[in-house]
Amino acid sequence: MPELPEVETIRRQLQKIIVGKKLSGKEITAVRRRAKLLIIDFKDGSSLVFHLKMSGQLILNGQPLKHTRKIFKFNDGSTLVFNDMRKFGWWKRVKNSQILEKDFGPEALKINLISLKNCLKSHPKIKIKQFLMNQHFIAGIGNIYSDEILFASKIHPAKQVGKLNDRQIKLLHQNIKKILEKAVEYKGSSLKDYFDASGQKGDYVKYHQVYQKEGSKCSRCTSKIKRIKIGGRSAHFCPNCQKL
DNA sequence: ATTCGGACCTGAAAGC
DNA sequence: TGCTTTCAGGTCCGAA
């Protein structure tokens, strides 16, 4: 479920509340995010790492529900409740969170134009949507935001990376930042299962231009939004604004 | 090397 | 009204 904006929203909320508390005797020093991972750091250098996958939730002092998988208890009696209907999500303790670095490319909000260009150049055949969703190339983008970023950039999701021109790459780079930052500002997108750490929904859905809007009118022209399959995932786009 | 489908799970919504 | 199919914010694995 959650992509960068949703995990980042949870991170910011947890950071404010749980730093300084203790979990199984160990003091929490920071709450970080890497790609779609949420990482709770302890004073002894170890970390507790979460991946929420499709339906995971982390809710502060949440009520235990049918799909609650784990309740973490802090020393002051407050709790962090992990719910996950589909059971894809996971958590684990690691001695050193550095080991996670090998799995991910640059953070989507931090990548610079040059390294984006170089990375695109080294995978010319892949379709741009799949490129954006590949965490090894660029970290944090999933199915919602890849569609929204490509719509904003007027690039067809099935466009081969090697066929993008400099102007398109520059636009893409700008829109990755722009869309993700705005989505963080609105606390992410709640479609079904996503709630933030305070149990609230994210408001960014109302700014979606294409994601899950098949059949509705494009906001820039008169065409209807189409949905196709790319790499097993739904891709939503405007066939008029985003041509191959 | 890439690409594809399927696997992991549960449940809601749509289709017939 | 039911029964069946499709779909879902992710990622991993093995077979073409």
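Since the model is a prediction, treat every value here as computed from it, not as a measurement. Basis for what follows: all heavy atoms, side chains included, without hydrogens, waters or symmetry-related copies. Every chain is numbered from 1, with letters handed out A, B, ... down the list of sequences.
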Original post:
A:Lys243: what forms a side-chain hydrogen bond (donor to acceptor under 3.5 Å, both in side chains) with it, not counting sequence neighbours?
Top reply: A:Asn240
Whole-Å distance between [N] [atom2] and [X] [atom1]?
X        : N      : atom1 : atom2 : answer
A:His136 : C:dG10 : NE2   : P     : 15 Å
A:Leu38  : C:dG10 : CG    : P     : 16 Å
A:Gln130 : B:dC4  : CD    : P     : 7 Å
A:Leu191 : B:dA13 : CG    : C1'   : 14 Å
A:Met54  : C:dC7  : CE    : C1'   : 9 Å
A:Leu100 : C:dT11 : CG    : C1'   : 15 Å
A:His123 : B:dA1  : NE2   : P     : 11 Å
A:Arg227 : C:dT6  : CZ    : P     : 12 Å

If you measure from the [atom1] atom in [N] to the same atom in [M], how many Å do you get, rounded?
N      : M      : atom1 : answer
C:dT11 : B:dG11 : P     : 23 Å
B:dT3  : C:dA8  : C1'   : 23 Å
B:dG6  : C:dT6  : P     : 12 Å

Original post:
Can you find a side chain N or O atom of A:Lys125 that sits less than 4.0 Å from OP1 or OP2 on B:dA1?
Top reply: no
Look for any protein N or O under 3.5 Å of an N or O in nucleotides 8-11 of chain B and output each such pair with its distance, or none.
unit_1 : atom_1 : unit_2  : atom_2 : d
B:dC9  : O2     : A:Arg86 : NE     : 3.0
B:dC9  : N3     : A:Arg86 : NH2    : 3.4
B:dT10 : OP1    : A:Lys87 : NZ     : 3.0
B:dG11 : OP1    : A:Lys66 : NZ     : 2.7
B:dG11 : OP1    : A:His67 : NE2    : 3.1

**OP:** Would you check if A:Leu120 and A:Ile128 make a side-chain contact, meaning some heavy-atom pair closer than 4.5 Å?
**Re:** yes
Original post:
DNA chain C: stems of at least 3 consecutive Watson-Crick or G-U pairs, cut-off 3.5 Å?
Top reply: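 DNA chain C stems, ordered by first number: B:2-8 with C:10-16, B:10-16 with C:2-8.
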Original post:
Should A:Lys21 and A:Asp76 count as an ion pair when the cut-off is N to O under 4.0 Å?
Top reply: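 Between A:Asp76 and A:Lys21 there is a salt bridge, with a charged N closer than 4.0 Å to a carboxylate O.
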Original post:
Start at the 5' end of DNA chain C and walk down; is the nucleotide closest to A:His51 or to A:Lys229 reached first?
Top reply: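 Taking each residue's closest nucleotide, the earlier one in sequence belongs to A:Lys229.
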**OP:** Would you please name every residue forming a ring-ring contact (aromatic ring centres under 6.0 Å, His included) with A:His123, sequence neighbours left out?
**Re:**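 Expected list: A:Phe137.
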**OP:** Name the orientation class of the two ring planes belonging to A:Phe82 and A:Phe50 (parallel below 30°, tilted from 30 to 60°, perpendicular beyond 60°).
**Re:**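 If you compare the ring of A:Phe82 with that of A:Phe50, the planes turn out parallel.
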Original post:
Who pairs with A:Arg32 by salt bridge (Lys or Arg N to Asp or Glu O under 4.0 Å), at least two apart in sequence or on another chain?
Top reply: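 A:Arg32: salt bridge (Lys or Arg N to Asp or Glu O under 4.0 Å) contacts with A:Asp41.
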**OP:** Any salt bridge (Lys or Arg N to Asp or Glu O under 4.0 Å) involving residues 139-150 of chain A? Give me the pairs, sequence neighbours left out, ordered by first then second residue.
**Re:**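 Of all non-adjacent pairs touching residues 139-150 of chain A, those that pass salt bridge (Lys or Arg N to Asp or Glu O under 4.0 Å) are A:Lys129-A:Asp147.
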**OP:** Please list all pairs passing the side-chain hydrogen bond (donor to acceptor under 3.5 Å, both in side chains) test where one or both residues lie in residues 164-182 of chain A, with sequence neighbours left out.
**Re:** A:Ser153-A:Asn175
Original post:
For A:Ile225, which fellow cluster members are found when Ile, Leu, Val, Met, Phe, Trp and Tyr are connected by side-chain heavy-atom distances below 4.5 angstrom, either directly or through intermediates?
Top reply: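 A:Ile225 clusters with A:Phe151, A:Val210.
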Original post:
Partners of A:Lys163 by side-chain contact (heavy atoms from CB on, under 4.5 Å), sequence neighbours excluded?
Top reply: A:Lys159, A:Gln160
**OP:** Remember a base hit wins even if backbone is also touched, and classify A:Gln135 as base, sugar-phosphate or nothing at under 4.0 Å, heavy atoms.
**Re:**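 Sugar-phosphate, backbone atoms only, no base.
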Original post:
Between A:Gly232 and A:Ser122, which has a closest nucleotide on DNA chain B that is more 5'?
Top reply: A:Ser122
